[in-house]
Amino acid sequence: KYLSGLEPDTVYDVRVKAHDGSLYSVWRDQENVITTPPVNSAPTQPGTIWSSDVTSTSAWVDWGASSDVDGDTITYYVEYKTDFALTWTSAGSTQNTYKYLSGLEPNTVYDVRVKAYDGSLYSVWRDQENVITTPPLNSAPSQPGILSSSNVTSTSARINWGASSDPDGDTIIYYVE
């Protein structure tokens with residue numbers, strides 16, 4: 001006989017009697033026959049998401065840990081998208097509270113979302129905008145200006161040139177051959 005409508009996390013006693021069409025047997029009573037498992041609870045929503053070690057094409061993302069009242073192992077699923085895009089890209093899963101993202105586009109803003117999974121249930125997504133801003137690719141400095149010489153002797157000379165500029169604001173070092 002299938003019993004339904006049982007309560008979770010409950011111990012049940014059961015009794016059974018037989019019937020032959022006209023007479024009944026004595027009841028067979030037994031304690032603790034059924035113990036229903038507790039209802040599994042979903043893990044909590046992951047905490048705030050942030051990025052570190054951002055390059056033009058990659059970044060590390062970290063988030064606050066989820067907890068699980070049932071003590072289940074938590075796996076995190078990570079997705080990202082460019083700001084204002086409609087679809088998310090999976091970055092895979094991890095049991096850590098961090099994930100390395102590669103293949104990003106330079107000079108782009110990314111949103112990141114993370115959800116926790118305990119083997120049975122998912123938390124709600126932690127969805128955070130503008131987590132990553134990748135810098136532009138580095139650009140070469142401009143060509144040095146016209147060369148000139150001064151203080152020329154039989155064994156030395158001073159070389160002069162116009163300054164270069166760097167669109168990224170990098171410090172410029174000159175090499176002379």
Side-chain angles (χ1 to χ4, degrees), residues 2-12 32-145 161-175:
Y2 179 76
L3 302 177
S4 61
L6 303 178
E7 293 293 319
D9 200 22
T10 305
V11 176
Y12 289 92
N32 304 325
V33 174
I34 300 170
T35 302
T36 57
V39 173
N40 188 40
S41 297
T44 61
Q45 182 183 39
T48 301
I49 305 168
W50 68 94
S51 63
S52 61
D53 298 327
V54 178
T55 71
S56 296
T57 59
S58 66
W60 284 94
V61 290
D62 300 76
W63 53 89
S66 296
S67 60
D68 187 86
V69 297
D70 306 307
D72 298 326
T73 299
I74 295 174
T75 300
Y76 298 97
Y77 290 84
V78 181
E79 295 184 349
Y80 64 95
K81 68 179 183 73
T82 57
D83 200 27
F84 302 112
L86 298 177
T87 58
W88 293 88
T89 299
S90 173
S93 63
T94 180
Q95 290 184 351
N96 300 312
T97 56
Y98 53 87
K99 185 81 171 141
Y100 181 72
L101 305 182
S102 60
L104 304 178
E105 293 295 320
N107 201 31
T108 305
V109 176
Y110 288 91
D111 303 336
V112 178
R113 69 181 184 177
V114 179
K115 69 179 174 182
Y117 179 64
D118 68 2
S120 297
L121 298 171
Y122 290 96
S123 72
V124 296
W125 286 102
R126 167 70 65 190
D127 185 346
Q128 211 154 318
E129 295 182 348
N130 305 327
V131 174
I132 302 167
T133 301
T134 56
L137 289 174
N138 194 21
S139 298
S142 65
Q143 181 181 34
W161 58 85
S164 295
S165 62
D166 188 86
D168 308 311
D170 297 329
T171 300
I172 297 174
I173 299 171
Y174 298 95
Y175 295 90

Please name all residues satisfying side-chain contact (heavy atoms from CB on, under 4.5 Å) with [X], sequence neighbours left out, ordered by chain then number.
X	result
Val69	Ser41
Phe84	none
Pro136	Asn107
Gln143	none

Only counting residues at least two apart or in another chain, list the ones meeting salt bridge (Lys or Arg N to Asp or Glu O under 4.0 Å) with Asp111.
Lys81

Non-neighbouring partners of [X] that pass side-chain hydrogen bond (donor to acceptor under 3.5 Å, both in side chains), sequence neighbours left out:
X	answer
Gln45	Arg126
Asn40	Asp118
Asn96	Thr94
Glu79	Arg113

Would the distance check show the side chain of [X] and the main-chain N or O of [Y] forming a donor-acceptor pair, the cut-off being under 3.5 Å?
X	Y	answer
Tyr117	Ala42	no
Gln128	Val112	no
Thr36	Glu7	yes

Return all side-chain donor-acceptor pairs below 3.5 angstrom for residues 58-65, not counting sequence neighbours, or 'none' if the list is empty.
{"unit_1": "Ser58", "atom_1": "OG", "unit_2": "Thr55", "atom_2": "OG1", "d": "2.8"}
{"unit_1": "Ser58", "atom_1": "OG", "unit_2": "Tyr100", "atom_2": "OH", "d": "3.2"}

What pairs with Trp88 under ring pair (Phe, Tyr, Trp, His ring centres under 6.0 Å), at least two apart in sequence or on another chain?
none

Mind checking whether Tyr80 and Val78 have side chains closer than 4.5 Å, heavy atoms only?
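Heavy-atom side-chain distance check fails, nothing below 4.5 Å.
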
Do Val11 and Ile34 have side chains that approach each other closer than 4.5 Å (heavy atoms only, starting at C-beta)?
no

Residue pairs involving residues 92-104 (criterion salt bridge (charged side-chain N to carboxylate O under 4.0 Å, His left out); sequence neighbours excluded):
none

Near Tyr98 OH, under 6.0 Å, is it more than 12 heavy atoms from other residues, nucleotides or ligands?
no

